[in-house]
Amino acid sequence: QVLLEESGGGLVQAGESLRLSCTASGRSITHDTMGWFRQAPGKEREFVAAIIWNGDFTFNTYSTFVKGRFTVSRDNAKNTMYLQMDSLKPEDTGVYSCAIQTRSGSFSEWHLYDYWGQGTQVSVSS
């Protein structure tokens, strides 16, 4: 059974930082494509960032609204992915979830991911 558990969310003020963690169990994430998504109240789930495994190496990609502020990384020894979020804005508020994609497809389409965590709440006040 593959489980993902997020942690690190909280309430911060605009301009502050948070670091989210996503720890996997039941599967090694070393050669997985993994993504971070978020969902704000009343809005659809949207892509935030991903670590993509192309069969030879990994590379990172970001949505335009977090590029330059967020950094995604992974510690394979700890089977954990991270999302460092700096210069947070009120519009970054939402539930952040991590996911694993085991099949080919667009990394930004949430419905193409197979395993999901429960999510962690991030709230940014102005």
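Keep in mind the model is a prediction, meaning the values are calculated, not measured. Note that these values count all heavy atoms, side chains included, but never hydrogens, waters or copies made by symmetry. For this chain, numbers begin at 1 and follow the sequence in order.
Although no hydrogens or angles enter the test, the distance criterion places a donor-acceptor pair under 3.5 Å between the side chain of Asp114 and the main chain of Thr102. Side-chain atoms of Thr93 come within 3.5 Å of backbone N or O of Val124 as a donor-acceptor pair. Of the possible donor and acceptor atoms, none in the side chain of Glu6 sits under 3.5 Å from a partner among the backbone N and O of Cys22. A distance-only check finds no donor-acceptor pair linking the side chain of Arg19 to the backbone of Gly8 [under 3.5 Å]. Proximity of a side-chain donor or acceptor of Gln101 to a complementary backbone N or O of Ser106 within less than 3.5 Å is detected. No donor-acceptor pair under 3.5 Å is formed between the side chain of Asn60 and the backbone N or O of Ser73. A side-chain donor-acceptor contact under 3.5 Å links Thr33 to the backbone of Trp53. Between the side chain of Tyr113 and the main chain of Cys98, no donor-acceptor pair closer than 3.5 Å is present. Side-chain atoms of Arg74 come within 3.5 Å of backbone N or O of Ile29 as a donor-acceptor pair.
In this structure, the separation between CZ on Arg27 and CG on Leu3 is 12.5 Å, given to the nearest 0.5 Å. Atom CG of residue Leu88 and atom CD of residue Glu16 lie 8.5 Å apart, to the nearest 0.5 angstrom. Distance check: Leu18 CG to Asp86 CG gives 9.5 Å after rounding to the nearest 0.5 Å. Rounding to the nearest 0.5 Å places OG1 of Thr58 at 7.5 Å from CG of Asn76. Here the straight-line distance linking atom CZ of Phe37 with atom OG of Ser63 works out to 10.0 Å at 0.5 Å rounding. With rounding to the nearest 0.5 Å, the separation of CZ in Phe59 from CG in Asn54 is 6.0 Å.
Residues Val122 and Trp36 share a single hydrophobic cluster, defined by chaining ILVMFWY side chains whose heavy atoms lie under 4.5 Å apart. Both Trp116 and Phe47 belong to a single network of hydrophobic side chains, linked directly or stepwise wherever heavy atoms of I, L, V, M, F, W or Y lie under 4.5 Å apart. Hydrophobic clustering of Ile, Leu, Val, Met, Phe, Trp and Tyr side chains at less than 4.5 Å, counting indirect connections, keeps Trp110 apart from Leu112. Transitive grouping of hydrophobic side chains (ILVMFWY, heavy atoms separated by less than 4.5 Å) brings Ile100 and Ile51 into a common cluster.
By the 4.5 Å heavy-atom criterion applied to side chains, Glu91 and Phe65 are not counted as neighbours. Side-chain contact between Ser7 and Thr120 is absent, with no heavy-atom pair separated by less than 4.5 Å. When side chains are defined from C-beta on, Thr71 counts as touching Tyr62, because their heavy atoms get closer than 4.5 Å. For the pair Leu4 and Met81, the minimum side-chain heavy-atom distance is 4.5 Å or more. Considering only heavy atoms from C-beta on, Met85 stays 4.5 Å or farther from Arg69 through its side chain.
Shortest non-hydrogen contact noted between Ala49 and Leu83 is CB-CD1, 4.2 Å. The nearest pair of heavy atoms linking Ser126 to Pro90 is CB-CG, 3.8 Å.
In this structure, a donor-acceptor pair under 3.5 Å is present between the side chains of Ser123 and Gln121. Looking only at atom types and distance, the side chain of Thr80 has a donor-acceptor partner in the side chain of Thr23 under 3.5 Å away.
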Show the numbers, then the answer: is there a side chain to side chain contact (heavy atoms under 4.5 Å, CB included) between Arg38 and Glu46? CA-CA 5 Å; Arg38 70 186 185 191; Glu46 61 183 0; 2.7 Å; yes
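Between Tyr96 and Phe70, the angle of the ring planes lies from 30° to 60°, which puts this pair in the tilted group.
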